[in-house]
Amino acid sequence: MSVINFIVNEILSKPALLVGLMALIGLIALKKSFSEVLSGTLKTIIGFLILIAGANLVIGTLSPLGDLIQAVFKLHGVVPTNEAIVALALQSFGKQVAAIMALGFVFNLVFAWITPAKYVFLTGHHLLYLATVLAVVIGTAGIKGANQIIIGAVMLGTIATVMPALVHPFTKRVTNDAGFALGHLNTLGYITSALVGKWIGKGSKSTEEIEISEKWNFLKEPIVTTSTVMIIIYVLLAILAGPSVLNKYSSGGNYIMYALMEGLTFGASIAIIIYGVRMILGEIVPAFQGIALKIIPNAIPALDCPTVFPYAPTAVIVGFLSSVVGGIIGMFLMGPLGLALIIPGMIPHFFDGGTAGVYGNATGGRRGAVLGAFVNGLLITILPALLLAYMGTLGLANTTFGDTDFCWSGIIGGLISKMGVAGAYIGTIIFAVILLGLASYVTIKLNQSK
Amino acid sequence: MEQKSSKKLKILAVCGMGLGSGLVLKMTLEKAIKEMGINASVEVADVASATTMATDLVVTSYEFANSFFQKGIKVITIKNYTNVNEMKEKLQEALKES
């Protein structure tokens, strides 16, 4: 017994070691050499510890920001940054997240194997983020332990199989059927953008016929854009709030310089978190892919959104800017609606807005790219505000999840889990059957139309 | 340890944050390198830190290529991240030039 106790208490309850164990199993299953297995496992564990270090840094910069927003707008203000909220949530739900991610991937493989939707979701950081959302909302509703993990994993596996399938008719159009699918959990935003484009874009020319000046190049580096915007937000709010609010943080120093440093530190902490995630995924994703291809030989890999950027690079910038505008307008609508103030987070607007631009352009040219991405910007402002109600004490952390699929699935997961354990299982099964049925239907239709 | 070919090439697979699509590039690159028998190691990086890293060659998409051109770093741009043939062709071209 003491051996089992030791394994449970000293290994499985430490998320860093649990994720390391996942990498270890994957690398051994792929028959990697001893040195590759050793370095891969170590890098995964160290990556996780780096992630936690970044989380501590970001907490430090988010609490003065919360105070500033409160002082200026008399509202609760939140910046949706997946990297930050995931790092925070992992501190309390680490082992559940790791288990949901691993088991959820197994469900993805099972669903891809038994349904016509043969999509294997390989965007590792989004699997990690979705596992986090689900662990948080299910746990907050009071379902803990094995039930929390199983319900979370079935939902994760369903979403990972279904979303690439639902957007695939448009993805094929974007990439001229390049043989991969889109696996990025803002898919509701992309489908909406493509539909908006289809609806209003008739006769509009492609964005790729526009020349964009080189001086906008800096917009292409997400960390630079995020830091710039955060500096502007911190300094502007500090000026509006006056020196008194930051006094308790700055220990007598100049408050504007303090705000400037906090903005820069926010950028730095996101860079640290991303570095940690990169170290973890560098080992786990190739292992996932190796395992998936062995089980489902005709699987279509569902990949991260920048894989579609080369098919319409101008639409990416157009979509990003247009999504930010949607986010800013959405922000001003939040107060009157009685919702938390959602400050546009630049990382989600860059990746989601850029991709929404690509999809809007594919169906509706320039008009589609602009308006599709604009609607996406509204969606990724309103949905995160609605999700906050299901996040328990984590909802007070001044940050939240940014992308649409995290939000709607988090809301559904939260609602289902409030029905108690039995209700949650029934709800999860209904959820899985409806979505997998829809994905199968879309896939069969798509294959017939060839 | 005897190595027939000259020194080991260092290749960077670069995307916006070095999280998702850079990894896909890395996996495709590793397949291409293996099939072509090139002695190289591949690492993933984000565009901001990649410009400061020592490397022989950068593989990325069109929109990030400019940052490397400006610094005189050798770069090839890929359109389809999963297409091993495109990767091989462009690698061949880049290696011929040097």
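Every chain is numbered from 1 and lettered A, B, ... according to where its sequence line falls, protein lines coming before strand lines.
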* May I ask you to check whether over 12 heavy atoms, not counting those of B:Phe68, lie within 6.0 Å of atom CZ? => yes

* Count the heavy atoms belonging to other residues, nucleotides or ligands that lie under 6.0 Å from NZ of A:Lys32, then report whether that count exceeds 12. => no

* Between atom CG of B:Asn83 and atom CZ of A:Phe180, what is the distance when rounded to the nearest 0.5 Å? -> 10.5 Å

* To do: Just give me the residue among B:Val44, B:Thr77, B:Asn80, B:Ile78 that pairs up with chain A most often, heavy atom to heavy atom, under 4.5 Å.
  => B:Asn80

* B:Thr82 versus A:Leu303: any side-chain heavy-atom pair under 4.5 Å? -> yes

* **Top contributor to chain B interface from A:Ile274, A:Thr123, A:Ile347 [non-hydrogen pairs under 4.5 Å]** => A:Ile274

* Asked: Non-hydrogen atoms of chain B under 4.5 Å away: do they reach the side chain of A:Tyr275, the backbone, both or neither?
  -> neither

* Pairs where residues 42-57 of chain B contributes a residue and the test side-chain hydrogen bond (donor to acceptor under 3.5 Å, both in side chains) is met, not counting sequence neighbours -> A:Arg278-B:Asp46, B:Lys7-B:Asp56, B:Asp46-B:Ser49

With a 3.5 Å cut-off and sequence neighbours excluded, list the donor-acceptor pairs that the side chains of residues 11-34 of chain B form with protein atoms.
residue, atom, partner, partner atom, Å
B:Thr28, OG1, B:Val24, O, 2.9
B:Thr28, OG1, B:Tyr81, O, 2.6

